[in-house]
**Q** 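Pasting a structure here, questions to come.
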Amino acid sequence: SLIKKAASENTIETFEYSLEINGKIKTYEDRLVPVNNDTILSIVRDITEKKQTEYDLRHREAILSVITEFAERILIGGTNESNMNLVLAELGKIFSLSRTYIFRKEKETDSSICFKQMYEWCDSGIFSSSSVLDTDNFEIDKTSDFYKKLHRFNKEGYLTGYLEEMESDFEKYIMNVQNLRSYLFIAIFVKGKLWGMIGFDECRYDRKWQDFEVQTLQTAGKIIGGALNKELTEIELANSRELYYKLIDSAPDSVSVTDL
């Protein structure tokens, strides 16, 4: 054992161990210091906070690595179904989420706004939202309290929700049928207008969204918006070129273009 080793070799030995105390896991470091041939001094200190800090740093580095890879994949490969599903899965796993998904705004009238789910990833044991909700035509009445939240969401770029804080029956129903405890919506803007949102669900516990999580996932939303904006610009450019050549072909007189 380490005690025997410290005594026989006259060396300081260190080991770590964890204990559950009052429902929480605490980590300790025990340093064994030989005093004489018959006595070993045990110096124990609580290193729970140190271990948590180390874990948080490693976790943040892993998250930033995923975001970097995600940006390269989306901006180079485009927002095709394969890339988007892979991105949602990677974000869901690195943040230990229950569901991740993307909704696109389909239409808006004076009385309502309608969203359609384009992609979704669910963790093992979590069912799809589409099995309990009409995610192809998710309509929100503009007179509802939920729409007021969406108005703030459009302004601030994100929205958090917690089941324990819900007051309206509509929102309680939406969350309960999904076994949803908390959510985070991140706005996706294209050409300055709301295109849709990327959503993150927690079904297993009352997750409180941290500032770092919100900021990082907002970056993900901006990357998606940037890629969509790039694709839309390329389509518009291609259409303008096609229109230009059609006009040239249909012109009765010859047309020449000279660069000055």
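Heads up: numbering here begins at 1 and tracks the sequence.
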**Q** To the nearest 0.5 Å, what is the distance between OG on Ser42 and CZ on Arg31?
**A**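 Answer for the OG-CZ pair, Ser42 versus Arg31, is 11.0 Å.
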
**Q** Rounded to the nearest 0.5 Å, how far does CG of Leu97 lie from SG of Cys122?
**A**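 So the SG of Cys122 and the CG of Leu97 are separated by 11.5 Å.
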
**Q** Do Trp121 and Ile186 belong to the same hydrophobic cluster, where Ile, Leu, Val, Met, Phe, Trp and Tyr are linked whenever their side-chain heavy atoms lie under 4.5 Å apart, directly or via other members?
**A**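 In one cluster with Trp121: Ile186, yes.
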
**Q** Return a table of donor-acceptor pairs under 3.5 angstrom between the side chains of residues 126-134 and protein atoms on other chains or two or more places apart.
**A**
| unit_1 | atom_1 | unit_2 | atom_2 | d |
| --- | --- | --- | --- | --- |
| Ser128 | OG | Glu120 | OE1 | 2.5 |
| Ser128 | OG | Ser130 | N | 3.1 |
| Ser128 | OG | Ser130 | OG | 2.7 |
| Ser129 | OG | Arg99 | NE | 3.4 |
| Ser129 | OG | Gln178 | OE1 | 2.7 |
| Ser131 | OG | Ser128 | O | 2.6 |
| Asp134 | OD1 | Asp136 | N | 3.4 |
| Asp134 | OD1 | Asn137 | N | 3.3 |

**Q** Measuring from atom CG of Leu88 to atom CE of Met84, what distance do you get when rounded to the nearest 0.5 angstrom?
**A**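 Output value for this atom pair is 6.0 Å.
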
**Q** What about Tyr147 and Phe153, same hydrophobic cluster or not, with Ile/Leu/Val/Met/Phe/Trp/Tyr joined at side-chain heavy-atom distances under 4.5 Å?
**A**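 Yes, because Tyr147 and Phe153 connect within a single hydrophobic cluster, where side-chain heavy atoms sit under 4.5 Å apart.
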
**Q** Say whether, by atom type as modelled, one donor and one acceptor occur between the side chain of Asn229 and the main chain of Lys191 under 3.5 angstrom.
**A**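 Checking the backbone N and O of Lys191 against the side chain of Asn229, a donor-acceptor pair under 3.5 Å is found.
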
**Q** Using 30° and 60° as the class boundaries, would you call the ring planes of Phe185 and Tyr183 parallel, tilted or perpendicular?
**A**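 Parallel, since the angle between the ring planes stays under 30°.
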
**Q** Do Thr135 and Tyr101 have side chains that approach each other closer than 4.5 Å (heavy atoms only, starting at C-beta)?
**A**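 Not in contact.
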
**Q** Mark yes or no for whether Thr68, through its side chain, and Leu64, through its backbone, hold a donor-acceptor pair below 3.5 Å.
**A**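 Yes; at least one donor-acceptor contact below 3.5 Å.
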
**Q** Atom OG1 of Thr160 and atom CD of Glu165: how far apart are they, to the nearest 0.5 Å?
**A**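 Rounded to the nearest 0.5 Å, the OG1-CD separation comes to 7.5 Å.
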
**Q** Any sub-3.5 Å donor-acceptor pair from Ser182's side-chain atoms to Arg207's backbone N or O?
**A**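 Here the side-chain-to-backbone pair exists.
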
**Q** Assess whether atom CD of Glu81 is packed by more than 12 heavy atoms of other residues, nucleotides or ligands within 6.0 Å.
**A**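 Counting neighbours around CD of Glu81, 12 or fewer heavy atoms of other residues, nucleotides or ligands fall under 6.0 Å, so no.
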
**Q** Ring-plane angle category for Phe103 and Phe115, please: parallel below 30°, perpendicular beyond 60°, tilted otherwise.
**A**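 Perpendicular.
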
**Q** Examine distances only and state if a side-chain atom of Asn83 and a backbone atom of Ile74 form a donor-acceptor pair shorter than 3.5 Å.
**A**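 Side chain of Asn83 to backbone of Ile74, a donor-acceptor pair under 3.5 Å: no, none is there.
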
**Q** Flag the pair Tyr158 / Trp209 as yes when at least one side-chain heavy-atom distance between them is below 4.5 Å, and no otherwise.
**A**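 No. Closest side-chain heavy atoms not under 4.5 Å.
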
**Q** Please examine the side chains of Leu86 and Phe70, heavy atoms only from C-beta on, and report whether any two atoms are closer than 4.5 Å.
**A**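 Side-chain contact under 4.5 Å: no.
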
**Q** Hydrophobic clusters here meaning ILVMFWY residues chained together by side-chain heavy-atom distances under 4.5 Å, can you tell me if Tyr119 and Phe138 are in one?
**A**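 Different clusters: Tyr119 never reaches Phe138 through Ile, Leu, Val, Met, Phe, Trp or Tyr contacts under 4.5 Å.
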
**Q** Quick check: does any side chain N or O of Lys142 sit under 3.5 Å from a backbone N or O of Thr109, one acting as donor and the other as acceptor?
**A**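 The answer is yes, because a donor-acceptor pair under 3.5 Å joins these two groups.
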
**Q** If you measure from OG on Ser96 to CZ on Arg204, what distance do you get to the nearest 0.5 Å?
**A**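 It comes to 7.5 Å.
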
**Q** Taking Ser144 for its side chain and Asp141 for its backbone only, find out whether a donor-acceptor pair lies under 3.5 Å.
**A**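 Side chain of Ser144 to backbone of Asp141: a pair is present.
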
**Q** Looking at Thr79, is its backbone amide N or carbonyl O close enough to the side chain of Glu231 to form a donor-acceptor pair, meaning the two atoms are under 3.5 Å apart?
**A**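 Such a contact is found between Glu231 side chain and Thr79 backbone.
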
**Q** If you measure from the Lys or Arg side-chain nitrogens to the Asp or Glu carboxylate oxygens, is any gap between Glu171 and Lys148 under 4.0 Å?
**A**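 Answer for the salt bridge query: no.
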
**Q** State yes or no: do Ile198 and Val214 share one hydrophobic cluster built from I, L, V, M, F, W and Y residues joined by side-chain heavy-atom distances below 4.5 Å, directly or via other members?
**A**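 Cluster IDs for Ile198 and Val214 match.
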
**Q** More than 12 heavy atoms of other residues, nucleotides or ligands under 6.0 Å from OH of Tyr28: yes or no?
**A**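 Yes, because the 6.0 Å sphere around OH of Tyr28 holds more than 12 heavy atoms from other groups.
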
**Q** Mind checking whether Val66 and Val87 have side chains closer than 4.5 Å, heavy atoms only?
**A**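 They are not in contact (no side-chain heavy atoms under 4.5 Å apart), so the answer is no.
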
**Q** Does Phe95 belong to the same Ile/Leu/Val/Met/Phe/Trp/Tyr cluster as Ile102, with side-chain heavy atoms less than 4.5 Å apart forming each link?
**A**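 Same hydrophobic cluster.
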
**Q** Using 4.0 Å as the upper bound for N to carboxylate O, is an ion pair formed by Glu29 and Lys50?
**A**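 Salt bridge flag = no for Glu29 with Lys50.
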
**Q** Report yes if some heavy atom in the side chain of Glu16 is under 4.5 Å from a heavy atom in the side chain of Lys51; otherwise report no.
**A**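 Yes, close enough: below the 4.5 Å cut-off.
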
**Q** Report the distance from atom CD1 of Ile224 to atom CD1 of Ile188, rounding to the nearest 0.5 Å.
**A**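 Interatomic distance, Ile224 CD1 to Ile188 CD1, rounded to 0.5 Å: 4.5 Å.
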
**Q** Does any donor atom in the side chain of Ser98 or Asp201 lie under 3.5 Å from an acceptor atom in the other side chain?
**A**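 Looking only at side-chain atoms, Asp201 and Ser98 do not form any donor-acceptor pair under 3.5 Å.
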
**Q** A quick test of your reading: do over 12 heavy atoms of other residues, nucleotides or ligands sit less than 6.0 Å from CG of Asn36?
**A**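 Counting other residues, nucleotides and ligands, CG of Asn36 exceeds 12 neighbours.
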
**Q** Is there a side-chain contact between Ile174 and Leu180 in this structure, where contact means two heavy atoms from C-beta onward sitting under 4.5 Å apart?
**A**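 The answer is no, as the side chains (C-beta and beyond) never meet within the 4.5 Å cut-off.
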
